[in-house]
Number of protein chains: 2
Amino acid sequence: MEGKKTVRAAERALDILLCFTRQPELSLTEIARMTELNKSTVYRLLATLEEKGFLARDAETDKYRLGFRIWELSAHLSRTDDPALLFLPEMERLRDKIEETVSLYVRDGLERIRVQAVESLQAIRRVAPVGARMPLSVGAAGKVLAAFAEPAVRAQILADPDWPENVDKSDYLRQLDQIRRDGYATSVEEREAGTSAVSVPIFGRNGNILAALAVSGPVGRLTLERMEEVVPHIIEAAGRMQKMLTN
Amino acid sequence: MEGKKTVRAAERALDILLCFTRQPELSLTEIARMTELNKSTVYRLLATLEEKGFLARDAETDKYRLGFRIWELSAHLSRTDDPALLFLPEMERLRDKIEETVSLYVRDGLERIRVQAVESLQAIRRVAPVGARMPLSVGAAGKVLAAFAEPAVRAQILADPDWPENVDKSDYLRQLDQIRRDGYATSVEEREAGTSAVSVPIFGRNGNILAALAVSGPVGRLTLERMEEVVPHIIEAAGRMQKMLTN
DNA sequence: GAGTTCAGTTTCATCTGTCGAAACCGAGTT
DNA sequence: AACTCGGTTTCGACAGATGAAACTGAACTC
């Protein structure tokens with residue numbers, strides 16, 4: 001059931017670009033290893049990608065990073081294609097059902113960033129500024145993003161020199177295993193006192209994780225029992241979002 | 001002389017992607033025309049790009065749009081590569097020098113979107129929510145984005161059925177000509193009563209416009225004379241930003 | 001309903017542009 | 001000096017990309 005008529009050279013170039021969803025900086029040889037392509041093949045494709053501005057070389061490390069063309073293109077994702085906006089209605093629906101704040105996170109290197117949020121309408125609510133950066137080491141969404149990341153990334157996360165001392169790594173790994181089995185994560189006053197959260201992954205068409213959807217609120221309201229009730233709803237919402245992406 | 005060793009097929013695939021910075025939706029034949037490639041070549045490259053998720057077909061029109069992979073990649077632009085963040089320090093510097101609100105816009109189809117902003121610290125100031133969408137027909141930044149857009153886009157802008165009646169097209173075109181000559185645009189109570197603005201373009205390495213940088217404030221403070229003073233500073237800031245992009 | 005047009009798709013023979021092995025270079029290390 | 005390990009270049013062989021042309025199928029005209 002193979003793919004259609006497709007151009008190998010172009011395919012390989014795109015594969016190289018996709019490597020950068022796993023690590024923000026890569027050298028020629030690293031890419032060659034990851035893609036299992038010959039060094040000279042990668043060399044020429046990198047030259048092409050760089051010339052067109054899709055990749056750029058870091059002045060210091062001489063490694064490659066994503067270039068401004070990616071930004072240029074992403075700025076032209078039409079409104080309905082930008083997941084942060086595309087998902088908005090679905091997130092609002094979930095917020096209205098659960099009556100707690102709903103956020104969407106993506107991993108960026110060894111951190112996560114909140115790319116979209118709709119806040120609960122209740123007087124006491126979790127506020128969630130878009131654009132905020134947080135660690136992967138704590139919080140339901142952080143754990144989801146780590147749990148479903150590629151093994152190489154997971155290794156990197158644990159090797160991070162900034163790993164917080166008060167989080168036990170082996171316990172963390174056990175949690176990630178559990179999260180992979182359950183398909184969702186919870187946190188109670190982990191990252192921030194007084195708030196708890198539930199989170200589930202959103203996958204791309206190749207099974208790689210794209211984002212984490214999270215519901216968060218005050219521990220008083222969002223109790224363990226309440227979270228249990230929330231799980232099916234958030235999973236359902238995530239499923240619908242996933243479908244929107246892949247058409 | 002010319003570029004290094006580069007892979008033609010990959011180059012062409014990337015060229016096809018770049019077509020979508022000009023129009024959000026394109027059919028096979030349109031792309032073939034724009035890139036001056038053979039239909040069957042484009043056909044195969046499109047199949048490749050679609051298979052990898054870089055393009056997606058619109059269910060209704062059957063035309064191609066940018067796919068979720070672009071979003072995925074853009075989410076992984078490292079902090080220092082995302083111009084909206086990369087430019088922040090420079091925008092703050094400008095804000096501190098001029099003491100008025102500084103915004104960054106990109107064109108999205110026939111609209112513009114504010115992708116970044118730092119507000120003036122004065123009590124009376126222009127507020128500038130990030131993410132807001134505005135027309136290209138009025139406002140300094142709108143005119144800059146239109147003035148330096150590709151001719152095809154400009155034609156589209158003028159052909160827009162939603163073009164506001166109270167803006168005279170031939171006058172608008174004359175203004176755009178002037179803006180191209182001057183290298184900057186101004187507006188006084190155009191889009192919004194009580195506010196005036198100055199704006200300059202930021203170009204990518206191939207000379208195509210990427211964004212518009214704008215300074216805006218209350219007409220009382222940001223008078224015509226004051227705007228004249230501002231011009232060299234905003235041009236200087238834009239120049240520095242441009243350099244950051246292309247390394 | 002025969003004829004026309006146009007977008008998208010497939011075929012196929014041609015030949016060129018891509019590929020990988022291997023050599024090369026230059027900077028660090030031992 | 002010998003070795004290692006990135007990155008770069010060379011070069012001959014051949015897979016694979018290419019474009020002309022043919023085909024399909026829908027939409028439109030007369």
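Proteins come first, then strands; the chains are lettered A, B, ... in the order of their sequence lines, and each starts at number 1.
I16(A) has its CD1 atom 14 Å from the P atom of dT18(C), to the nearest Å. Computed from coordinates, the L46(B) CG to dT9(C) P distance equals 9 Å when rounded to whole Å. Atom P of nucleotide dT8(D) and atom CD1 of I31(A) are separated by 12 Å, given to the nearest angstrom. A straight line from NZ of K5(B) to C1' of dT8(D) spans 10 Å, rounded to a whole angstrom. The CG-P distance, from N38(B) to dT11(C), rounds to 16 Å in whole Å. Remark: P of dC25(C) and CG of D62(A) are 20 Å apart, rounded to the nearest angstrom. In this structure, CG of L28(B) is placed 6 Å from C1' of dG8(C), rounded to the nearest angstrom. Atom P of nucleotide dC19(C) and atom NZ of K39(A) are separated by 17 Å, given to the nearest angstrom.
A donor-acceptor contact closer than 3.5 angstrom links the side chains of T6(A) and E11(A).
With a 6.0 Å cutoff to the six-membered ring centre and a 45° limit on the axis angle, R114(A) does not count as a cation-pi contact of Y105(A).
By the 4.5 Å heavy-atom criterion applied to side chains, R191(A) and P135(A) are counted as neighbours. Using a 4.5 Å heavy-atom cutoff, the side chains of Y64(B) and L46(B) are in contact.
Contact of R44(B) with dG16(D) (side chain to base): no donor-acceptor pair of N or O atoms is detected under 3.5 Å.
Residue T41(A) has a polar side-chain atom (N or O) positioned under 4.0 Å from OP1 or OP2 of dG20(C). Distances shorter than 4.0 Å separate some side-chain N or O of R12(A) from OP1 or OP2 on dG20(C).
Checking dG19(D), dG16(D), dG7(D) against every side-chain atom of S40(B), the shortest atom distance belongs to dG19(D).
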Chi angles and distances behind the side-chain hydrogen bond (donor to acceptor under 3.5 Å, both in side chains) call for E30(A), S27(A): CA-CA 5 Å; E30(A) 286 170 327; S27(A) 69; 3.3 Å; yes
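Of the residues near DNA chain D, L45(B) and T29(A), the one whose nearest nucleotide (by heavy atom distance) lies more toward the 5' end is T29(A). Residue-to-nucleotide proximity on DNA chain C shows that, of A10(B) and S27(B), the 5′-proximal contact is made by S27(B).
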